[in-house]
Amino acid sequence: STSSETGDVSIQSGNANGVNSGSLNFSTGDASEASGDMNLVVGIGTNSQGGNVNIAAGPSHGSESTGGSIHLQSGSSESSSSGSIVIKSPDVTSSSSSGPSGLIGLSTGNANKASGSLSVSTGSSLEDQSGSITISVGSSATGPGGNLQLQSGQTVDDNEVGGSTLISAGNGVGGGGPLLLSGGSDLNTDEDNAKTGGLVSITGGLSTIGNGGIVSITGGSSDLGGGGKLKLASGFSDSLPSGDTTLTTADGS
């Protein structure tokens, strides 16, 4: 149709009373070569917004029943790697567009009791290195680089504390893995416009009427070997003096 909306297409299994309703299955056939693809594509909106793709599991009204789950799983392989799952918003390539690329949001729902957890993990490996997790922020050609923020949950309960944030390297029979905290490198090469490397700041929490949070740095303990060393060293320079090391207490009121 050129002047009005086209009709909807609905595929639905029947309702049921007292028993389960019917399932709805979409599948392509098996093949001796590559099996067929399954494509779910929304049409282009030439002068308006593109259509949405909505996938929602069924709700439950039962007193002891949970809502339906959504499972996304790539294909397995008997002789090679399993398939990938890619979730990506498209690039904004038009020179006339001033908007950012699309947001990707992962969150669990609110709840009167405990809200759901969000778990990101890679699989274990029997004979090789286990998979890595990489969280990186995109670079910028003209503006500042994007921020990366990790923050545990807050509480307004007078008898509870805020959530903990634990960053720990992996354990190993051959030695524990290192934990590295590093400020960003200065990529500027103009000697007349020298900049500095990124700051690394470790600060105890602020308190309005109580004591501020403690900062504790401790070397590792050992049952049979020596305890871990604590080393504080300023940075070196090839052409200027090395950096200062300053230990000081704050001014009192």
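Quick note: residue numbers are just sequence positions, from 1.
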Query raised in the report: Any sub-3.5 Å donor-acceptor pair from Ser237's side-chain atoms to Ser239's backbone N or O?
Result: yes

| query | If only atom types and distance count, is the side chain of Lys229 paired as donor or acceptor with the main-chain N or O of Gly227 below 3.5 Å? | reply | no

Review point. Any sub-3.5 Å donor-acceptor pair from Asn52's side-chain atoms to Asn54's backbone N or O?
Key: no

Query raised in the report: More than 12 heavy atoms of other residues, nucleotides or ligands under 6.0 Å from CD1 of Ile167: is that the case?
Result: no

| query | When you look at CD1 of Ile214, are more than 12 heavy atoms from neighbouring residues, nucleotides or ligands closer to it than 6.0 Å? | reply | no

Correct closest heavy-atom pair for Thr122 and Ile133 would be CG2-CG1, 3.5 Å

Closest non-hydrogen atoms of Gly163 and Ser152, given as atom of the first, atom of the second and distance, are O-OG, 2.5 Å

Looking only at heavy atoms, the pair that brings Thr196 and Asp186 closest together is O-CB, 3.6 Å

same_hphob_cluster(Ile70, Val53) at 4.5 Å side-chain heavy-atom cutoff
yes

Under a side-chain separation threshold of 4.5 Å, the hydrophobic residues clustered together with Ile11 are Leu24, Phe26, Met38

All heavy atoms of Ala169 vs all of Pro178, minimum pair found to be CB-O, 3.4 Å

Separation between CD1 (Ile217) and NZ (Lys231), nearest 0.5 Å, reads 15.0 Å

Kindly check if the number of other-residue, nucleotide or ligand heavy atoms within 6.0 Å of CD1 (Ile202) is above 12? no

Do Ser164 side-chain atoms and Leu166 backbone N/O form a donor-acceptor pair below 3.5 Å? no

_Any donor-acceptor pair under 3.5 Å from Ser207 side chain to Gly212 backbone_ = no

Point to revise | Polar side-chain atom of Asp37 near backbone of Asn39 as donor-acceptor pair, under 3.5 Å | key: no

Please tabulate, for the side chains in residues 136-146, all donor-acceptor contacts under 3.5 angstrom to protein atoms that are two or more places apart in sequence or on a different chain.
unit_1	atom_1	unit_2	atom_2	d
Ser140	OG	Gly143	N	2.9
Ser140	OG	Gly143	O	3.0

### Any donor-acceptor N or O pair under 3.5 Å, side chains Ser124, Ser130
no

Interatomic distance, CG@Asn112 vs CG@Asn110, rounded to 0.5 Å, equals 9.5 Å

Tell me, with the steps shown, if Ser201 and Thr203 meet side chain to side chain contact (heavy atoms under 4.5 Å, CB included).
CA-CA 6 Å; Ser201 177; Thr203 307; 3.2 Å; yes

Are any side-chain N or O atoms of Asn188 and backbone N or O atoms of Asp190, one a donor and one an acceptor, separated by less than 3.5 Å? yes

dist Ser89:OG -> Leu103:CG (nearest 0.5 Å) comes out at 8.0 Å

Looking only at heavy atoms, the pair that brings Ser69 and His71 closest together is CB-NE2, 3.6 Å

Only distances under 3.5 Å count here; give the side-chain donor-acceptor pairs of residues 75-86 to other protein atoms, sequence neighbours excluded, each with its distance to 0.1 Å.
unit_1	atom_1	unit_2	atom_2	d
Ser77	OG	Ser79	N	3.4
Ser77	OG	Ser80	N	2.9

Item to complete: For Asn193, look at atom CG and say whether over 12 heavy atoms of other residues, nucleotides or ligands are found less than 6.0 Å away.
Response: yes

* To do: Using atom types as modelled and distance alone, determine if a side-chain donor or acceptor of Asp244 lies under 3.5 Å from a backbone N or O of Thr246.
  => no

Without swapping roles, check the side chain of Ser242 against the backbone of Phe236 for a donor-acceptor pair under 3.5 Å. no

Heavy-atom nearest pair, Gly29 first then Ser35, reads O-CB, 3.8 Å

Next on the checklist: Quick check on the hydrophobic clustering: are Val42 and Ile44 connected, directly or via other members, by side-chain heavy-atom contacts under 4.5 Å?
Outcome noted: no

- prompt: Would you find a donor on one side and an acceptor on the other, under 3.5 Å apart, between the side chain of Ser60 and the backbone of Gly67?
  reply: no

OG (Ser101) and NZ (Lys88) are apart, to the nearest 0.5 Å, by 7.5 Å

